[in-house]
Trainee: 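Next up is a structure, given as structure tokens.
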Amino acid sequence: MFAGDHDIDRAVIELQQGLQLALHPLAGIAYDYRWSWAADGAGVFNALDPQRWPRVGFNPRRLLHDAGRATLERAANDAAYVQRVERLAAVLRADRARPWREGSVSTGHPIAFCCAEFGVHGSLPIYSGGLGVLAGDILKEASDLGLPMVGVGLMYRLGYFHQRIDVSGLQHEYWSDIDPHQLPCALVTAADGEPLRVTVPIGAEDVAVQVWRVDVGRVPLYLLDSDLPGNSEVARWATARLYESIRSLRLAQYALLGIGGVRALHALGIEPSAYHFNEGHPALGVVQLLANERSRRGGGFDEALQAVRDRVIFTTHTPVPAGNETYSGSEILGMLGRVGDLIGDRERFLALGRIDPERPEQPSGMSALALRGCRSANAVSRRHGQVAREMWQPLFPGRAAEGVPITHVTNGVHVATWMCRPMRELLDRHLGADWLARAANASTWDPVGRIPTAELWAARCAARRELVSFIRDRATGDRLRRGEPLEYAAAPADGFDTERLTIGFARRLATYKRLHLIARLPQRALALIGGKQPLQFVFAGKAHPADADGKDVVRRVFAMKGAPDVAGRVAFLEDYDLSLALQLVAGCDVWVNLPRPPLEASGTSGMKSTLCGGLQLSVLDGWWAEAYDGGNGWAIGGDVDADAQAQDARDAQSLFDLLEHEVVPMFNERDADGVPKRWVEMIRRSLQSNGPRFCATRMLREYADRMYGWS
Ligand SMILES: *Cc1c(COP(=O)(O)O)cnc(C)c1O
């Protein structure tokens, strides 16, 4: 159906060669990430070799390749296990056999979803945070909905960095080599049987790229890779690291993604009905499309631009400057001068990325290029829509901010990926068969109102207990590795309690996310941890390597570690990634978010938490500004204060007031059976109000109807 089918088939057959006949279906499963959101998917791989499964980073191809002879023999001779494999294979087969919904978007003309990062699964480390995880969720949802789509991204040889923290609380970064030959992906070959290649003009070099295919259910994700012997060392490095810190190399990455992406799709024989540029990074695709349009039809520049625009959709994901970088003309021409030549006019090329094309002294950026080159643009929450319209108003002279053509499609998360097992099993029992397909309908969630309180509470407690058991091991391991005193390292085993109120905060540690508010009133924090009704905190998150302020926040949190009770009731878990996120959002009773308004475009980890029955305590910014209804969680005011210090002081007060006066008492108010009734009622209300609105099903339908014109 899509380019690379045969390459995936060949890879599956090769993997089967080391397996007993009874285990052959496992090879096919391993090459389709659909297993990761099937009911028994991870269970089947875990059962094969529970020791090895985490060691291979939950990568099924490596598991099957590395598993010992005896392990495989044992599994192949275990009739119950073989049956489990066959059942899983049947689920994947049936899913693939469902027809696509062909229309104005079709398998012949799919949506090309282009993004610098994709967070599909922990074993495919080509993402850094929310943007990538959202992109991964969109591919999964497209597969579920049958919306014809292909993904386009980059294969990073070193991915995003790993985090270690030393005893003083200082963050260290390291990168580990990813060998694509060990990932569940296949190199796409051309008709001549050789790997398919396209080139991208970067600096003076024509950089060659090859293309890997990863299957995310029915949606193929094509990943471009410049790590080829014929390329210069600099060109090979261009796809080494996600968000490379050398500025001009980031420009090279944008060219590989945008120019390379459009060229690769053409070489793959894929003619998209539309290109969806998810954030500005792929925006140079506009330039390649313009060049194609002009060489195909001739005609004027403006006419060609209009024709290109008709096929481009752009989503902006952040108002933060780091997400909307600009470059001087000379910087851009140094790396991308020959990209400008594609449209025969370097000055015009630069002008496309300026706010005011008539002012050559202005810098150019990818976001402006994308806005100028798209037929429709959107922000990712209602409030972010307003912020984005004001922010980009100068690009639309003569229009008031309200008239700026940027709408919003609020983010959502992929339910089958993010809903924890205890909650999923509970809802499967109560919401009726195939409720997932109906997750976007409010009425689907009505039966949540009738689930017996004790059952709902039991599911929550099961989720928390799993997390606490995980934290005990993981926190101890982190501390031993850091060389902490043994007593401190061992404290989580007894200190973390499976029944205690567990509060989580985990996300990228950009300063606007304000983890530092928690450390701002240390006496109140310590009183909560050591009080009569104690709570426990779990933190995680990476600061960008170049972000000194972000790193300082980690140090400030670590500075509290010597205080009484902290060793056993507060944990900072290192190296936040998808696998860790899954555990944390599943188990925490309360999920805290403290962005400095209005900088949180959406935020998605809170949506994941609500699906697991977690309650939100968040600033009224991003998604929470439209989700909070007065009774489905807790809110800190979202007004913007020009005095950042004053706002921090006020918001820290609000945070602790809410924790002390509302959250802690409500959690500990128990009936005769030990159930916190009011708490469970709030979970109910949270599930019913948030479930249908912040699921990826609702989001993708909105993209399909309003942005893709899929009918
Ligand atoms: C969901 C997710 C994020 C985004 O979290 P926010 O709340 O939007 O900051 C970041 N990283 C990982 C690994 C995630 O799963």
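Remember, it's 1-based here, ligands and their atoms both numbered in the order they're listed. The structure presented is a predicted model; accordingly, all values stated were derived computationally and were not measured.
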Trainee: Answer with yes or no after comparing the ring centroid distance for Tyr243 and His544 against a 6.0 Å cut-off, counting only values under it.
Mentor: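 Distance test on ring centres: not under 6.0 Å, no.
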
Trainee: To the closest 0.5 Å, what do you measure between CZ (Arg520) and CG (Leu655)?
Mentor: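 Interatomic distance, Arg520 CZ to Leu655 CG, rounded to 0.5 Å: 12.0 Å.
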
Trainee: Any side-chain heavy-atom pair from His281 and Met366 closer than 4.5 angstrom?
Mentor: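 Sidechains of Met366 and His281: no contact.
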
Trainee: Identify, for atom 2 (C) of ligand 1, the protein heavy atom at the shortest distance, and state residue, atom and that distance.
Mentor: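 The closest heavy atom on the protein side is Lys608 NZ, 2.5 Å.
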
Trainee: What protein heavy atom is closest to atom 9 (O) of ligand 1, reported as residue, atom name and distance in Å?
Mentor: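 Among all protein heavy atoms, the one nearest atom 9 (O) of ligand 1 is Lys513 NZ, 2.8 Å.
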
Trainee: Within the 4.0 Å heavy-atom shell around Leu578, which atoms of ligand 1 are there?
Mentor: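 Once the distances to Leu578 are compared, the set is 13 (C).
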
Trainee: Do the side chains of Leu242 and Ile126 get nearer than 4.5 Å, heavy atoms only?
Mentor: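 They are not in side-chain contact.
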
Trainee: For atom 12 (C) of ligand 1, which candidate among Tyr576, Tyr160, Trp623 provides the closest heavy atom?
Mentor: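 Going through Tyr576, Tyr160, Trp623 one by one, Tyr576 has the nearest heavy atom to atom 12 (C) of ligand 1.
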
Trainee: So that I know where these two stand, are Phe572 and Phe558 an aromatic pair - ring centroids less than 6.0 Å apart?
Mentor: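 Yes, close enough.
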
Trainee: Is Arg507 positioned over the aromatic face of Phe505, cation under 6.0 angstrom from the ring centre and no more than 45 degrees off axis?
Mentor: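 Pair Arg507/Phe505 counts as cation-pi.
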
Trainee: Taking 4.0 angstrom as the limit and counting only heavy atoms of Ala581, give me the atoms of ligand 1 inside it, by number and element.
Mentor: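 Ligand 1 atoms under the 4.0 Å threshold to Ala581: 13 (C), 15 (O).
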
Trainee: Quick one, Ile29 and Pro60 - any side-chain contact, counting heavy atoms below 4.5 Å?
Mentor: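 A side-chain contact under 4.5 Å is absent here.
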
Trainee: Any idea how Trp679 and Trp634 line up, ring-wise: parallel (<30°), tilted (30 to 60°), or perpendicular (>60°)?
Mentor: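 Rings of Trp679 and Trp634: tilted, 30 to 60°.
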
Trainee: By number and element, which atoms of ligand 1 are closer than 4.0 Å to a non-hydrogen atom of Arg507?
Mentor: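 That gives atoms 7 (O), 9 (O) of ligand 1.
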
Trainee: If you count the atoms of ligand 1 from 1 in the order shown, which ones are under 4.0 Å from a heavy atom of Gly603?
Mentor: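 Close to Gly603: 8 (O).
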
Trainee: Considering heavy atoms of the protein only, find what lies nearest to atom 10 (C) of ligand 1 and give residue, atom and distance to 0.1 Å.
Mentor: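 For atom 10 (C) of ligand 1, the nearest protein heavy atom is Gly130 N, 3.4 Å.
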
Trainee: What protein heavy atom sits nearest atom 7 (O) of ligand 1, and how far away is it?
Mentor: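 Its nearest protein heavy-atom neighbour is Ser605 OG, 2.4 Å.
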
Trainee: Do Tyr222 and Trp212 have ring centroids that are under 6.0 Å from one another?
Mentor: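 No: the rings miss the under 6.0 Å criterion.
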
Trainee: Taking N or O atoms only and a 3.5 Å limit, does Glu600 qualify as a polar contact for ligand 1?
Mentor: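 Among all N and O atoms of Glu600, none is under 3.5 Å from an N or O of ligand 1.
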
Trainee: Among protein heavy atoms, which sits nearest to atom 8 (O) of ligand 1, and what does the distance come to when rounded to 0.1 Å?
Mentor: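 Checked against all protein heavy atoms, atom 8 (O) of ligand 1 sits closest to Thr604 N, 2.9 Å.
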
Trainee: Give the atoms of ligand 1, by number and element, whose distance to some non-hydrogen atom of Gly129 is under 4.0 Å.
Mentor: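 Selected atoms, number and element: 10 (C), 11 (N).
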
Trainee: At less than 4.0 angstrom from any non-hydrogen atom of Trp418, what atoms of ligand 1 do you find?
Mentor: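 Those qualifying, in numeric order: 15 (O).
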
Trainee: Is Asp577 touching ligand 1 with its side chain, its backbone, both, or neither, if touching means heavy atoms under 4.0 Å apart?
Mentor: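 For Asp577, the contact with ligand 1 is made by the backbone alone.
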
